[in-house]
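Fair warning: this is a prediction, and the values are worked out from it, not measured in the lab.
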Protein chains: 2
Amino acid sequence: MRPDSIARFRRFARAVTAEVGALDSSFLGRGRPLGAARVVNAIGAGRTDVAEIRAYLGLDSGLMSRLLRSLEEEGLLTTEPHPDDARRRVARLTEAGQREYSAYEDLSDARASALLARAPRSEELLRAMDLVALTLGGDRIAIEEADPRSEAARFCLEAYYGELARRLETGFDVKLSCDPEAEAMVRPRGTFLLAIADGLPVGCVGLKGGGGPVAEVKRLWIDPAARGFGLARRLMQAVEDAARDLSIAVLRLDTNIALPEALALYRRTGWVEIARFNDDPYPDHFFEKAL
Amino acid sequence: MRPDSIARFRRFARAVTAEVGALDSSFLGRGRPLGAARVVNAIGAGRTDVAEIRAYLGLDSGLMSRLLRSLEEEGLLTTEPHPDDARRRVARLTEAGQREYSAYEDLSDARASALLARAPRSEELLRAMDLVALTLGGDRIAIEEADPRSEAARFCLEAYYGELARRLETGFDVKLSCDPEAEAMVRPRGTFLLAIADGLPVGCVGLKGGGGPVAEVKRLWIDPAARGFGLARRLMQAVEDAARDLSIAVLRLDTNIALPEALALYRRTGWVEIARFNDDPYPDHFFEKAL
DNA sequence: TCATTTATCTGACCTTAGTCAGACAACATG
DNA sequence: CATGTTGTCTGACTAAGGTCAGATAAATGA
């Protein structure tokens with residue numbers, strides 16, 4: 001009777017099964033079987049290549065073909081041969097199809113906000129959901145190059161500043177720190193990488209270059225819910241690869257003793273501690289790595 | 001692109017849908033359609049009345065009847081008329097049925113532990129799952145009378161002591177407090193109530209009586225993941241009802257300023273602050289309520 | 001007692017999902 | 001250009017889930 005881990009997990013599984021089932025049956029309200037609705041949603045979400053949709057939904061080619069035809073008859077989509085390879089086909093939603101897709105999206109959104117509205121502490125609930133989602137699908141986090149001024153990048157940077165403000169004894173004010181201007185973190189001078197889980201950013205790292213052979217690694221941050229999956233290491237590896245690609249010979253970075261997990265990572269991965277190389281008020285540890 | 005609440009919720013929904021689907025298809029490995037497996041599981045979990053199973057699984061009476069028959073032919077269960085009402089039927093698993101049920105349970109357990117094993121911080125993950133499960137199914141928390149020496153009660157009490165130790169400035173040692181002996185919290189002198197969510201305890205409260213007209217409310221605790229759903233209020237209401245049932249005229253309780261949410265609840269629900277009525281070292285606020 | 005309600009069972013029927021073999025056209029390659 | 005491969009389509013088929021209209025038997029209430 002003691003609430004051991006497995007019983008707790010299974011209570012969770014029962015609760016979400018009921019919720020997922022309710023969402024599926026709300027889709028049926030639009031007079032279309034679930035399979036067809038899933039195809040509309042896959043195309044609406046940007047998957048146009050028929051083979052790609054088939055792989056994503058795990059459908060047999062015969063079934064897929066029939067579903068496409070029934071949706072075509074309904075006037076929700078059109079198909080045409082792929083311009084590069086006339087054996088393949090691409091599907092595109094018609095205007096009516098777009099409307100149906102929006103209707104499905106609205107149903108999902110409405111369910112989501114109804115549920116969040118009845119949660120007493122919704123931010124805590126969302127963090128819990130993030131953690132669950134990342135643990136279940138943790139191996140599907142992709143690393144992508146992005147503009148540091150993009151919305152996703154700014155979200156990560158704000159979170160990074162907020163965390164520094166909480167963790168540094170001195171607090172943190174980005175205006176007092178030497179905040180790299182965006183151009184220094186865009187090719188050809190540098191770059192900026194995001195870790196993306198299912199479309200949402202969960203981590204970032206910047207490479208600030210000045211055109212010369214030395215560049216600085218900046219703004220390494222991982223969403224708390226995504227920690228423990230080796231994502232920091234993957235981001236650092238990716239930023240090193242990008243630096244080599246940009247013909248950088250030496251990388252530097254600075255950090256603070258209040259971030260012990262970062263210090264440990266740098267020490268574990270071949271970074272060598274060096275003397276202070278800037279007059280930024282916040283860092284107290286400085287590292288270098290030759291590529 | 002900013003990860004707003006709805007997108008985060010939907011990432012969560014996608015991740016758990018995949019997990020739930022994988023569990024369902026693992027059930028298919030036992031050579032039986034999902035519908036039949038669900039019936040076996042419902043009966044194994046203690047639902048014997050056919051109408052009750054039908055309501056729980058949302059099945060049509062015709063379909064239910066056929067599923068029962070096919071399982072009966074397989075030798076997994078027997079049905080017989082209900083002793084009180086011969087129109088109703090009750091189903092019971094045979095020995096072979098029990099074995100099949102155990103096999104399904106083992107599959108679920110194995111999935112659960114495999115998943116927990118790959119989580120970097122499994123206790124944190126479990127707390128997140130608790131919060132999600134309780135928010136999704138929060139309206140299904142039942143309040144039941146239990147023995148304070150039962151395993152579920154002891155789990156709650158340990159959690160309660162642990163929380164006091166963390167929150168009171170002085171720490172908390174149950175041996176120094178006037179811990180009521182169990183008999184005082186068992187009928188006819190008192191009672192002990194548990195809040196049960198899907199079989200797992202998430203809260204408790206005790207009523208310590210001495211046979212006279214005055215009794216004390218003790219050990220009010222709610223699992224952190226279950227806070228915010230008005231459960232404390234429900235438990236207090238239930239304990240007041242139980243006290244009336246035991247012919248108690250006056251209730252008392254003591255608490256500590258470090259537990260402001262409890263103080264606020266008592267003040268909101270008709271409790272009147274009174275002078276200290278014991279020499280327990282931990283409490284610093286004392287309340288009374290006439291029934 | 002008799003009509004009504006309730007719970008299950010039965011047979012007929014339908015939709016959805018999914019499999020499989022073969023057809024066909026477009027590509028790829030020697 | 002002949003050959004094999006790839007991606008889609010078609011038709012035939014099956015299993016599973018689900019609906020509906022009685023049939024039956026037991027319980028209930030006037």
Side-chain angles (χ1 to χ4, degrees), chain A residues 17 20-43 47-74 76-92 104, chain B residues 17 20-22 24-43 47-74 76-92:
Chain A
T17 301
V20 164
L23 181 57
D24 279 355
S25 43
S26 84
F27 278 1
L28 294 177
R30 299 200 65 76
R32 200 168 291 111
L34 218 52
R38 299 213 305 153
V39 172
V40 170
N41 280 303
I43 301 174
R47 267 170 264 261
T48 52
D49 211 291
V50 169
E52 185 194 355
I53 300 168
R54 215 147 64 67
Y56 172 65
L57 298 176
L59 297 178
D60 171 86
S61 71
L63 182 50
M64 180 75 207
S65 179
R66 257 178 288 272
L67 287 172
L68 283 177
R69 194 132 338 95
S70 84
L71 290 168
E72 224 165 355
E73 268 170 37
E74 254 196 281
L76 299 189
L77 55 83
T78 56
T79 61
E80 54 194 73
H82 193 287
D84 297 345
D85 178 347
R87 290 169 305 181
R88 320 189 74 153
R89 312 216 91 201
V90 291
R92 177 168 300 118
Y104 284 123
Chain B
T17 301
V20 163
D24 280 354
S25 42
S26 85
F27 279 180
L28 294 177
R30 299 201 64 76
R32 200 168 291 110
L34 215 53
R38 298 213 306 153
V39 171
V40 170
N41 280 304
I43 301 173
R47 269 170 262 262
T48 52
D49 211 293
V50 168
E52 186 194 355
I53 300 169
R54 215 148 64 68
Y56 172 65
L57 298 177
L59 296 178
D60 172 87
S61 71
L63 182 51
M64 181 75 207
S65 180
R66 256 177 290 274
L67 286 172
L68 282 177
R69 195 132 337 95
S70 84
L71 290 168
E72 223 166 355
E73 269 170 36
E74 254 197 281
L76 299 189
L77 55 82
T78 56
T79 62
E80 55 194 74
H82 192 287
D84 296 346
D85 179 347
R87 292 170 304 180
R88 320 189 75 156
R89 312 215 90 202
V90 290
R92 177 167 299 118

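- Interatomic distance, CG of A:L23 versus CG of A:L28, reported as 10.0 Å (0.5 Å rounding).
- To the nearest 0.5 Å, the span separating CG on A:D49 from CD1 on A:I43 amounts to 11.0 Å.
- Sorted pairs that involve residues 47-74 of chain B and meet ring pair (Phe, Tyr, Trp, His ring centres under 6.0 Å), not counting sequence neighbours, are lacking altogether.
- Rounded to a whole Å, the CG atom of A:L67 is 7 Å from the P atom of C:dA17.
- The distance between atom CD1 of A:I53 and atom C1' of D:dT8, rounded to the nearest whole Å, is 13 Å.
- Rounded to an integer number of Å, the gap from B:L28 CG to C:dT19 C1' is 15 Å.
- For the pair B:E73 CD and C:dT10 C1', the interatomic distance rounds to 14 Å; values are reported in whole Å.
- Taking only distance into account, the side chain of B:R66 never meets the base of D:dG17 through a donor-acceptor pair shorter than 3.5 Å.
- Side-chain N/O atoms of B:R54 include one lying less than 4.0 angstrom from OP1 or OP2 on C:dT8.
- If you take CE of B:M64 and P of D:dG17, they are 13 Å apart, rounded to a whole angstrom.
- The main-chain N or O of A:V50 is never found under 3.5 Å from a side-chain atom of A:R54 such that the two would form a donor-acceptor pair.
- Protein atom CD of B:E72 is 15 Å distant from nucleotide atom C1' of C:dT10, rounded to whole Å.
- For A:D60 and C:dG22, the CG to C1' distance is 13 Å, given to the nearest whole Å.
- Regarding contacts with the backbone of D:dA16, every side-chain N or O of B:R32 stays at 4.0 angstrom or more from both OP1 and OP2.
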Quick test: give all pairs of protein nitrogen or oxygen and nucleotides 25-30 of chain C nitrogen or oxygen below 3.5 Å, distance rounded to 0.1 Å.
{"residue": "C:dC27", "atom": "OP1", "partner": "A:A86", "partner atom": "N", "Å": "2.6"}

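- Each of A:R69 and A:R88 was assigned the nucleotide of DNA chain D with the nearest heavy atom; the assignment lying further toward the 5' end belongs to A:R88.
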Assess whether side-chain hydrogen bond (donor to acceptor under 3.5 Å, both in side chains) is satisfied between A:R66 and A:S70, documenting all intermediate values.
CA-CA 6 Å; A:R66 257 178 288 272; A:S70 84; over 6 Å; no
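- Minimum atom distance to the side chain of A:S65 is reached by D:dT10, of the listed C:dC9, D:dA16, D:dT10.
- A:R38 has its side chain out of reach of A:L67: every pair of non-hydrogen atoms, C-beta onward, lies at least 4.5 Å apart.
- Under the 4.5 Å side-chain criterion, counting only non-hydrogen atoms from C-beta, A:T79 is not in contact with A:R69.
- Listed nucleotides C:dA17, C:dT8, C:dC20 differ in distance to A:L63; the shortest reach to its side chain belongs to C:dA17.
- Look at CG on B:D24: it is 13 Å from P on C:dG18, rounded to the nearest Å.
- When each of A:G62 and A:L34 is assigned the nucleotide of DNA chain C bearing its nearest heavy atom, the one mapping closer to the 5' terminus is A:L34.
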